[in-house]
Amino acid sequence: MGGAPVAEVATDQLQVWVDQDLCTGDGLCVQYAPEVFEFDVDGLAYVKGPDGELRQAPGQRVDVPEHLRLEVIDSAKECPGDCIHVVRGSDGVEVAGPDAED
């Protein structure tokens, strides 16, 4: 089975980033967690920080607000483009997204 134990994921700080090269612009992530994801004028999703500013540098991560953990993880799992990466802040291990161990 592998993957991180649920308790471990629940207590560790999570970070998220979007690979715009794979983004299909479906918008599920924006529907799940509009506080974290937003479309830019190019029609692709980006993460945004607590200041509301989009993080447009490739691979730039933002912290996942604790109250949105499940929404962000669900958006990574449901993303048709498999472009959302949710990682543990402590060690960078992917807990949801295309590189996560199931």
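Since the structure is predicted, the reported quantities are computational estimates derived from the model, not experimental observations. Along the sequence shown, residues carry numbers from 1.
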message = For the backbone of Asp99 and the side chain of Glu94, can you confirm whether one donor and one acceptor N or O come within less than 3.5 Å of each other?
response = yes
ask   = Do Arg61 side-chain atoms and Gly59 backbone N/O form a donor-acceptor pair below 3.5 Å?
value = no
key: Leu68-Val16 co-clustered via ILVMFWY side chain contacts under 4.5 Å   = yes
message = Please determine whether side chain to side chain contact (heavy atoms under 4.5 Å, CB included) holds for the pair Leu14 and Asp63, giving the CA-CA distance in whole Å, both sets of side-chain angles, and the decisive distance to 0.1 Å.
response = CA-CA 6 Å; Leu14 299 180; Asp63 290 337; over 6 Å; no
ask   = If you measure from NE2 on His85 to CH2 on Trp17, what distance do you get to the nearest 0.5 Å?
value = 3.5 Å
key: Candidate list Val72, Val62, Leu54, test side chain to side chain contact (heavy atoms under 4.5 Å, CB included), partner Val47, passing option   = Val62
task = Show your working on side chain to side chain contact (heavy atoms under 4.5 Å, CB included) between Glu78 and Tyr32 and close with a plain yes or no.
result = CA-CA 10 Å; Glu78 300 296 325; Tyr32 273 108; 3.4 Å; yes
message = Quick check: closest heavy atoms across Pro50 and Arg55, and the distance to 0.1 Å?
response = CD-NH2, 4.4 Å
query = Looking at Thr24 and Pro80, what are the two nearest heavy atoms and their distance?
reply = OG1-CG, 4.2 Å
request  = Of all the heavy-atom pairs spanning Val95 and Ala100, show the shortest one and how long it is.
outcome  = C-CB, 3.6 Å
ask   = Rounded to the nearest 0.5 Å, how far does CG of Asp26 lie from SG of Cys83?
value = 9.0 Å
Close side-chain approach of Asp40 to Tyr46, heavy-atom, < 4.5 Å = yes
query = Counting N and O atoms only, with roles assigned by atom type, does the side chain of Gln13 sit under 3.5 Å from a partner on the main chain of Val64, one being a donor and the other an acceptor?
reply = yes
query = Roughly how far, to the nearest 0.5 Å, is the CG atom of Asp12 from the OG atom of Ser90?
reply = 3.5 Å
ask   = With a 4.0 Å cut-off, would you call Arg88 and Asp91 a salt bridge?
value = yes
key: CG on Asp42 to CG on Leu44, rounded to 0.5 Å   = 4.0 Å
query = Is Val36 close to Lys48 at the side-chain level, that is, under 4.5 Å between some pair of heavy atoms?
reply = no
message = Just so I know, are the side chains of Ile84 and Ser75 near enough to count as touching, which here means a heavy-atom distance under 4.5 Å?
response = yes
ask   = Side chains of Cys79 and Leu28: does their closest heavy-atom pair fall under 4.5 Å?
value = no
